[in-house]
Every structure is written in C-alpha cells, then in structure tokens.
*Asks:* 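Before we start, here is the structure in question, set down as structure tokens.
Residues take their numbers from the sequence shown, with the count starting at 1. Everything quoted here is computed from the prediction, not taken from an experiment.
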Amino acid sequence: MLFLLSTLLVFTSFAASAPVLTVSEEMEQIFQNLTTEAQEDYFQILFNDTVTLREMDHLWDQWAEKHGILDKWTAYSGKWETRKEKFHKTVLSVIENLPSAYRMMTEITSNRDQTINQVHEALDQLKETYNMEVSMISFLSKVMVLNEEYIMNGGNVEIGNEVSQDLRRMRDYKKNRGLNALLVPGPLV
C-alpha cells in the first residue's frame, strides 16, 4: 500500500511538472507522423471557404478518424476550446483595462519633474500590474508614429504590408494549393 501511494505521488508530481505545450507544439505532435496525404487532406479542409465553421469541425473529425488519430484530435480539440475561452477572457480584460493604463502611462510620461530613469522605473512598476496593456499601448504608439502622416492628415491608419511568415505560408498554400508552401524544417517534414 505504501509503495502504491509513493508511486502515485511520484507520478502525480511528474505529471504536474510536465511542460504545457503551445497550440503549435500540439499540432506539430499530431502532424509529426502523418502522411503527406493526411496533411494535404487537413489543409484542403482548412482552406475550404465554402463550408461553415461547424461543418469544418465535422470534416476535421472525419479526417482524424480516416487517418487514425481521432483520440489525439479529440484531446487536442478539447484543449483548444479551453485555451480559446481563456484567451478571449484575457483579451477582453486587457481591452477593458487599456483606457486606465493609457491614462496612467500618460501621467508618468507627462511629468516633466523626473529623469528618464525615473520614467522607466515608473513604467516598469506599471507593467507589474498592467504588463499586457502597457505592451499593447507601446506597440500601438509605434504604429501610430509610423503612420503620423496619415493621422495628421485625417486619413486611415495603415499598419503596413508586413505579414508574418506563417500567414505568408498559408497565403501561398491557398494560392498554389501546394503542401510544400506550408512545410517548414522540423517535425512536419
């Protein structure tokens, strides 16, 4: 009995300390041993813009069953839904906090009776409570500065033509319908 309890304790502590995989890492694990045909089938569903999202979910379940990974896919889908809910709650919270954080940042940076180091210290303190908000405001400020001409002339703000590498790959796949556009060195090849 003591052996069973100690084994359970060791297993539980090991499982609890296991790193949590990101969504991309979990997808890589699912795709790791899939055939090229299975990968191609997946992306055919992903880029099918004639089906609803509910239909797409159903097609992916069929896809997973066809390729013998339904158990992995079901586990991944459940984790994805949980992450998505947490993500939406976090985003909503950050958006609700942006006006307050912006006012506090403005108060800090408008105080002309402090040194640059004091400004940085005050901003670092603010980040302890509003890290994501301060980061977003800093990013938005950079975008606004880069588009000063548009803003000052009353035009639309255009972020620019930068596209992440992943989005570029997806665009190329959709345009060319070739799996090779999506492949990157690592587990997927």
Side-chain angles (χ1 to χ4, degrees), residues 11-32 42-43 45-65 69-110 119-147 151 156-171 173-174 182 184 186-188:
F11 177 74
T12 304
S13 63
F14 175 73
S17 67
V20 175
L21 298 177
T22 64
V23 173
S24 296
E25 290 168 336
E26 287 199 22
M27 278 301 283
E28 284 178 11
Q29 282 192 343
I30 290 174
F31 272 63
Q32 204 165 19
Y42 174 85
F43 290 109
I45 296 167
L46 179 64
F47 294 116
N48 183 345
D49 52 6
T50 63
V51 297
T52 66
L53 296 175
R54 187 176 316 284
E55 291 169 329
M56 190 176 286
D57 290 339
H58 181 67
L59 289 171
W60 273 328
D61 289 342
Q62 289 177 336
W63 164 82
E65 188 171 1
I69 59 163
L70 186 58
D71 55 338
K72 287 181 183 179
W73 184 254
T74 302
Y76 167 79
S77 297
K79 289 177 185 176
W80 169 247
E81 284 302 316
T82 302
R83 287 178 175 167
K84 190 168 67 170
E85 289 173 24
K86 182 178 179 181
F87 180 82
H88 287 305
K89 286 179 185 175
T90 302
V91 168
L92 184 58
S93 172
V94 168
I95 289 171
E96 288 172 348
N97 291 334
L98 281 176
S100 306
Y102 182 73
R103 278 191 287 281
M104 289 183 260
M105 283 180 72
T106 302
E107 286 175 19
I108 291 168
T109 57
S110 297
V119 170
H120 287 296
E121 287 174 18
L123 288 174
D124 286 343
Q125 269 186 315
L126 185 61
K127 281 182 183 180
E128 288 178 17
T129 307
Y130 297 104
N131 182 43
M132 186 63 71
E133 292 84 351
V134 170
S135 297
M136 287 182 67
I137 292 167
S138 297
F139 174 77
L140 289 172
S141 296
K142 290 174 186 172
V143 171
M144 300 299 273
V145 167
L146 291 173
N147 290 281
I151 295 166
N156 293 329
V157 175
E158 297 183 14
I159 294 176
N161 197 16
E162 271 110 51
V163 181
S164 75
Q165 196 171 15
D166 290 341
L167 292 176
R168 197 173 298 121
R169 280 192 195 107
M170 291 173 73
R171 178 203 64 207
Y173 173 83
K174 195 169 186 179
L182 294 169
V184 294
L188 293 180

*Asks:* Should Trp60 and Asp57 be marked as a side-chain contact (heavy atoms from CB on, under 4.5 Å) after you check the CA-CA gap, both sets of side-chain angles, and the distance that decides it?
*Replies:* CA-CA 5 Å; Trp60 273 328; Asp57 290 339; 4.2 Å; yes
*Asks:* A quick test of your reading: do over 12 heavy atoms of other residues, nucleotides or ligands sit less than 6.0 Å from CG of Leu92?
*Replies:* yes
*Asks:* When rounded to the nearest 0.5 angstrom, what is the spacing between CD in Glu133 and CG in Asn97?
*Replies:*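 That separation rounds to 4.5 Å.
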*Asks:* Once rounded to the nearest 0.5 Å, what's the spacing between atom CZ of Arg103 and atom CD1 of Ile108?
*Replies:*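 It comes to 13.5 Å.
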*Asks:* Compare all side-chain heavy atoms of Ser138 with those of Met105 and state whether any distance is below 4.5 angstrom.
*Replies:*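 The answer is yes, as the side chains (C-beta and beyond) meet within the 4.5 Å cut-off.
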*Asks:* Would you give the length of the straight line joining atom CG of Leu126 to atom CG of Asn131, rounded to the nearest 0.5 angstrom?
*Replies:*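 Between Leu126 CG and Asn131 CG, I get 9.5 Å after rounding to 0.5 Å.
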*Asks:* Give me the ring orientation class for Tyr76 and Trp73: parallel if the planes are under 30° apart, tilted from 30 to 60°, perpendicular past 60°.
*Replies:*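 Aromatic pair Tyr76/Trp73 classed tilted.
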*Asks:* Distance from Ile137 atom CD1 to Thr106 atom OG1, nearest 0.5 Å?
*Replies:*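 It is 7.5 Å, given to the nearest 0.5 Å.
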*Asks:* Using the rule given for side-chain contact (heavy atoms from CB on, under 4.5 Å), can you reason through Met136 versus Met132, listing the C-alpha separation, both sets of side-chain angles and the distance that settles it, and then say yes or no?
*Replies:* CA-CA 6 Å; Met136 287 182 67; Met132 186 63 71; 4.3 Å; yes
*Asks:* Taking atom CZ of Phe139 and atom CE of Met144, what is their separation to the nearest 0.5 Å?
*Replies:*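 If I round to the nearest 0.5 Å, the distance is 12.0 Å.
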*Asks:* Between CD1 of Ile30 and OG of Ser77, what distance do you get to the nearest 0.5 Å?
*Replies:* 7.5 Å
*Asks:* Going through the checks in order, is the side-chain contact (heavy atoms from CB on, under 4.5 Å) test met by Ile69 and Trp63?
*Replies:* CA-CA 9 Å; Ile69 59 163; Trp63 164 82; 3.6 Å; yes
*Asks:* Kindly determine whether Glu55 and His58 satisfy side-chain contact (heavy atoms from CB on, under 4.5 Å), including the steps that lead there.
*Replies:* CA-CA 5 Å; Glu55 291 169 329; His58 181 67; 5.6 Å; no
*Asks:* Could you tell me which non-hydrogen atom of Thr50 sits nearest to which non-hydrogen atom of Asn48, and how far apart they are?
*Replies:* OG1-OD1, 2.5 Å
*Asks:* May I ask you to test the Lys127-Asp124 pair for a side-chain heavy-atom distance under 4.5 Å?
*Replies:* yes
*Asks:* Are the side chains of Val91 and Val94 in contact, using a 4.5 Å heavy-atom criterion?
*Replies:* no
*Asks:* Could you pull out the closest heavy-atom pair between Thr109 and Val119, with the gap in Å?
*Replies:*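 Answer, listing the atom of Thr109 first, then Val119: CG2-CG1, 4.3 Å.
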